[in-house]
Each structure stands twice: as structure tokens, then as C-alpha cells.
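Keep in mind that the numbers below use all heavy atoms, side chains included, and drop hydrogens, waters and symmetry copies. Just so it is clear, the model here is predicted, and its values are computed rather than measured. Each residue takes its place number in the sequence, starting with 1.
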Amino acid sequence: MADNRPEFVESRKRGFDVSDANPWHILASGVGLLIVIGLCLIAVAILLAWRDSGANRGTPLPGFEHGTVARTSIEEDRAEMDSETETHLRGYRWIDRDRGVVQVPIERAMELIAGESEGKP
């Protein structure tokens, strides 16, 4: 079917395709896409059902045999640093005996500071 309108004639001269898209091709592409999406959803449902079934309990995936027991050196260092920080925040110790400077737990320090500021306007 040739359309001889001037805008189409000029477009053909420039080498452009002026034909309409075939609706059957669009429909077939849409149906194919829906089938692929449906198959993907079915595959995911099967994998989730397998994961949650009792058949694979106690069988960890390769590479995850140790689960959360395995720790990196960064996690171990952080736990040690957190412990030291907690000790410093919660404990008493001398900072400088000659000058009489001591470290007190942070809660006690806040109480002392609040007590000093109660008498001030």
C-alpha cells in the first residue's frame, strides 16, 4: 500500500521507513515477554520452596559452611576496641596522680557536671 502524501514521499527520498508497525509482531513480542516473566516467577517460587523445605536443612551452600561463626580480622579488632572503649567509659583510673586528675565513669561525670551547674544561674 503506497502512500503518496508529500511528507511520505520526502521521507522515502531520504531513505526513511514510512510503514506502520505490524500489530501481530507487537502482540507476539508482548506475549513472549509475559511468558518469559511467568517462567522466571515460577523458577523463583521453586527455588524459594526448595530453600524453605526440610530437605535441605543442615546443608549449607558452598562457601557458607561456617555461617556467622567466621569473623574477619576487622570484626575481631572492632570487638576488641569496643571492649577497651567500654572499659574507659565505665571505669575509674588515674590520669595524672601528681596533678590529681582521675577518670570517672561517664554517667558519674555527667552527674557531677549537672550538680555544679545547679547552683549557677
Side-chain angles (χ1 to χ4, degrees):
M1 170 158 90
D3 195 343
N4 293 325
R5 287 186 280 183
E7 59 269 15
F8 289 133
V9 172
E10 181 63 30
S11 294
R12 278 196 199 94
K13 284 182 186 175
R14 292 184 175 186
F16 297 121
D17 182 18
V18 294
S19 62
D20 289 333
N22 187 341
W24 292 108
H25 289 153
I26 295 172
L27 180 65
S29 297
V31 169
L33 182 62
L34 288 175
I35 290 171
V36 168
I37 291 172
L39 290 174
C40 289
L41 290 174
I42 290 169
V44 167
I46 290 170
L47 287 173
L48 289 175
W50 174 79
R51 185 193 69 179
D52 295 337
S53 72
N56 67 339
R57 298 247 187 253
T59 309
L61 295 173
F64 294 97
E65 292 86 8
H66 303 292
T68 58
V69 175
R71 299 181 101 186
T72 64
S73 63
I74 294 171
E75 290 173 319
E76 291 170 359
D77 291 345
R78 177 160 182 189
E80 183 180 326
M81 288 177 11
D82 286 347
S83 174
E84 290 175 12
T85 301
E86 189 67 24
T87 301
H88 284 292
L89 289 176
R90 305 277 180 233
Y92 290 90
R93 70 182 181 109
W94 283 103
I95 302 293
D96 187 352
R97 281 185 191 240
D98 296 335
R99 292 188 329 194
V101 179
V102 295
Q103 174 183 314
V104 296
I106 193 150
E107 289 88 11
R108 180 65 180 139
M110 290 189 290
E111 290 171 5
L112 293 172
I113 297 295
E116 288 178 1
S117 64
E118 283 179 1
K120 296 180 182 175

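Atoms CD1 and CG, on Ile42 and Leu47 in that order, are 12.0 Å from each other to the nearest 0.5 Å. The structure places CD1 of Ile46 at 11.0 Å from CG of Leu41, a figure rounded to the nearest 0.5 Å.
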Pair up each side-chain donor or acceptor in residues 22-36 with any protein partner under 3.5 Å, not counting sequence neighbours, and list the distances.
| unit_1 | atom_1 | unit_2 | atom_2 | d |
| --- | --- | --- | --- | --- |
| Asn22 | OD1 | Trp24 | N | 3.0 |
| Ser29 | OG | His25 | O | 2.9 |

Check residues 95-102 and write down every donor-acceptor pair under 3.5 Å in which the side-chain atom is one partner and the other belongs to a residue at least two apart or another chain.
| unit_1 | atom_1 | unit_2 | atom_2 | d |
| --- | --- | --- | --- | --- |
| Asp96 | OD1 | Asp98 | N | 3.2 |
| Asp96 | OD2 | Arg99 | NE | 3.2 |

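Around CD1 of Ile37, the count of heavy atoms belonging to other residues, nucleotides or ligands within 6.0 Å exceeds 12.
With a 4.5 Å cut-off on side-chain heavy atoms, Gln103 and Trp94 do not count as touching.
In the hydrophobic clustering, Met81 connects to no other residue, as no ILVMFWY side-chain heavy atoms lie under 4.5 Å from its own.
A donor-acceptor pair is defined here as one N or O able to donate and one able to accept, closer than 3.5 Å; no such pair exists between the side chain of Ser83 and the backbone of Ala79.
In this structure, the side chain to side chain contact (heavy atoms under 4.5 Å, CB included) partners of Leu48, at least two apart in sequence or on a different chain, are Val44, Arg51. Contacts of Arg90 classified as salt bridge (charged side-chain N to carboxylate O under 4.0 Å, His left out), with partners at least two apart in sequence or in another chain: Glu86, Glu107.
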